[in-house]
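What follows is one structure encoded as structure tokens, with my remarks underneath.
What you see is a predicted model; the values in this text were computed from it and never measured. Worth knowing before you read on, the calculation uses all heavy atoms, side chains too, and leaves out hydrogens, waters and symmetry mates.
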Amino acid sequence: MAEMYIRVAEEENEEPMEIPSEDDGTVLLSTVAAQFPGACGLRYRSPVSQCMRGVRLVEGVLHAPENGWGNLVYVVNYPKGRKMDEIDASSATKIKRGDQKTSDLIVLGLPWKTTEQDLKDYFNTFGEVIMVQVKRDVKTGNSKGFGFVRFAEWEAQGKVMSQRHMIDGRWCDCKLPNSKQGPDEPMRSRKVFVGRCTEDITADELRQFFMQYGEVTDVFIPKPFRAFAFVTFADDQVAASLCGEDLIIKGVSVHISNAEPKHNNTRQMMERAGRFGNGFGGQGFGGNRSNLSRHVFGSGDG
DNA sequence: GTTGAGCGTT
């Protein structure tokens, strides 16, 4: 099938955006989510029944209605029926920190050859880039394979964190750096452990699959293959809701459970082990209370 | 074969 686009909008009467289909005529949920972060499906108004109808979604792949995609406008579904901005707005007021300030994002997995100019050129397509760095060995000047980027706009930062990035031929991840993550609130786990994976299930397929439950911010498959993976969601409640489930992915029954904390930070392990309530009062723990509540599930996502 | 990389000379 030749290149084809379907029309997608956030609301029925808003201006639609054209989204490309795959060669087989299906549309990937991830393609939709690239334009509408957090999307978990599509619906449309049936010309026949005048009712809204859901688009069939199988493992991250959206299938055309019986008579093809046609010229209908498809409306984006969001988890729990809430739009991204609404989620942002509500959590913003909950966290009661007025407007969102941007922070540096770490860019992991850069090709050795990538320069700061390359980074800037790439990220400028998401928003105004106000800082880029490529970290280099001080002696040799060789890239260390990671860097930092900072956007002017919070929206750009959110978008960039919610997807992977092909930069100079390698997939890169952008995350909040360890030094920046949530001193405000201990994070409930947004990450689940996916057991009984088979080797033919790719990270992409996991992302495609889990996207139907909520926005996926990270997928990790340890290499060499060890029959498990980690999936991180933007929303801890989504993660929690899946724990204990057996889900079928590509015909394989995988088991979802809580991701245990990565083993490498004493403070985090203590925090997990149990409330030390007031009993800890002493000194020694770095003093800074906010550090105590730093979340325990690894780098936001990694 | 069921618990994961890498984090910033300010």
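Of all nucleotides listed (B:dT2, B:dC7, B:dT9), B:dT2 comes nearest to the side chain of A:Phe193. With B:dA5, B:dT3, B:dG8 as the choices, the nucleotide that has an atom nearest any side-chain atom of A:Phe220 turns out to be B:dA5. When each of B:dG4, B:dC7, B:dT2 is scored by its nearest atom to the side-chain atoms of A:His255, the top-ranked nucleotide is B:dT2. Checking B:dC7, B:dG4, B:dG1 against the side-chain heavy atoms of A:Ala227 singles out B:dG1 as nearest. Picking from B:dG8, B:dG1, B:dG4 the nucleotide with the shortest atom distance to the side chain of A:Lys135 gives B:dG8. Minimum atom distance to the side chain of A:Lys191 is reached by B:dG4, of the listed B:dT9, B:dG4, B:dT3.
Against DNA chain B, the stretch residues 196-210 of chain A makes heavy-atom approaches under 4.0 Å through A:Arg196. Contact check of residues 163-172 of chain A against DNA chain B (heavy atom, cut-off under 4.0 Å) returns no residues at all. Within residues 108-122 of chain A, the residues that have a heavy atom under 4.0 Å from DNA chain B are, in order of number, A:Leu108, A:Gly109.
Applying the salt bridge (charged side-chain N to carboxylate O under 4.0 Å, His left out) test to A:Arg53 and every residue at least two apart in sequence or in another chain returns nothing. A search for salt bridge (charged side-chain N to carboxylate O under 4.0 Å, His left out) contacts involving A:Lys135 returns nothing, not counting sequence neighbours. Considering only residues two or more places apart in sequence or on other chains, A:Pro65 meets the side-chain contact (heavy atoms from CB on, under 4.5 Å) condition with A:Tyr44, A:Trp69, A:Tyr74. Partners of A:Val73 under the side-chain contact (heavy atoms from CB on, under 4.5 Å) rule, at least two apart in sequence or in another chain, are A:Arg7, A:Ala9, A:Pro16. Partners of A:Asp118 under the salt bridge (charged side-chain N to carboxylate O under 4.0 Å, His left out) rule, at least two apart in sequence or in another chain, do not exist in this structure. For A:Arg207, there are no salt bridge (charged side-chain N to carboxylate O under 4.0 Å, His left out) partners two or more places apart in sequence or in a different chain.
Rounding to whole angstrom units, CZ of residue A:Phe225 and C1' of B:dT2 are separated by 10 Å. Counting to the nearest Å, the P atom of B:dT2 and the CG atom of A:Leu247 are 18 Å from each other. Between A:Asp173 atom CG and B:dG4 atom C1' the separation is 13 Å, expressed in whole Å. Put simply, CD1 on A:Ile106 is 16 Å from P on B:dA5, counting in whole angstrom units. The CG atom of A:Asp218 sits 15 Å away from the C1' atom of B:dC7 (whole-angstrom rounding). Residue A:Arg150 contributes atom CZ, which lies 17 Å from atom P of B:dT10 at whole-angstrom precision. Summarising the geometry, the separation between NZ on A:Lys223 and P on B:dG1 is reported as 20 Å, rounded to the nearest angstrom. Taking atom CZ on A:Arg136 and atom P on B:dG8, their separation rounds to 17 Å, with Å as the unit.
Under a 4.5 Å side-chain heavy-atom cut-off, the cluster of Ile, Leu, Val, Met, Phe, Trp and Tyr residues that includes A:Val75 is completed by A:Met52. Applying the 4.5 Å side-chain rule to ILVMFWY residues, one finds A:Ile106, A:Met131, A:Phe146, A:Phe148 in the same cluster as A:Leu108. Hydrophobic clustering, defined by side-chain heavy atoms of Ile, Leu, Val, Met, Phe, Trp and Tyr closer than 4.5 Å, groups A:Trp171 together with A:Met166.
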>> I'd like to know whether A:Thr198 forms a side-chain hydrogen bond (donor to acceptor under 3.5 Å, both in side chains) with A:Asp200, so could you lay out the CA-CA distance, the side-chain angles of the two residues, the decisive distance to 0.1 Å, and finally the verdict.
In response: CA-CA 6 Å; A:Thr198 53; A:Asp200 64 311; 2.6 Å; yes

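Once the 5.5 Å centre distance and the 30° plane angle are applied, the aromatic ring of A:Phe146 is found not to be stacked with the base of B:dG6. The ring of A:Phe148 lies on top of the base of B:dG8, close enough and flat enough: under 5.5 Å between centres, under 30° between planes. In this structure, A:Phe228 does not count as stacked on the base of B:dT2 under the 5.5 Å centre distance and 30° plane angle limits.
Nucleotide B:dG6 is shown with an anti base, its glycosidic torsion being more than 90° from 0.
Using a 4.5 Å heavy-atom cutoff, the side chains of A:Leu206 and A:Ile221 are in contact. Put simply, the side chain of A:Leu42 reaches to within 4.5 Å of the side chain of A:Ile6, judged on heavy atoms.
Side-chain N or O atoms of A:Arg150 include one that pairs as donor or acceptor with a backbone N or O of A:Thr102 at under 3.5 Å.
The phosphate of B:dG4 (OP1 or OP2) has a side-chain N or O of A:Arg226 nearer than 4.0 angstrom.
For A:Asp104 and B:dG8, a side-chain-to-base donor-acceptor distance below 3.5 Å is present, hydrogens and geometry of angles not being considered.
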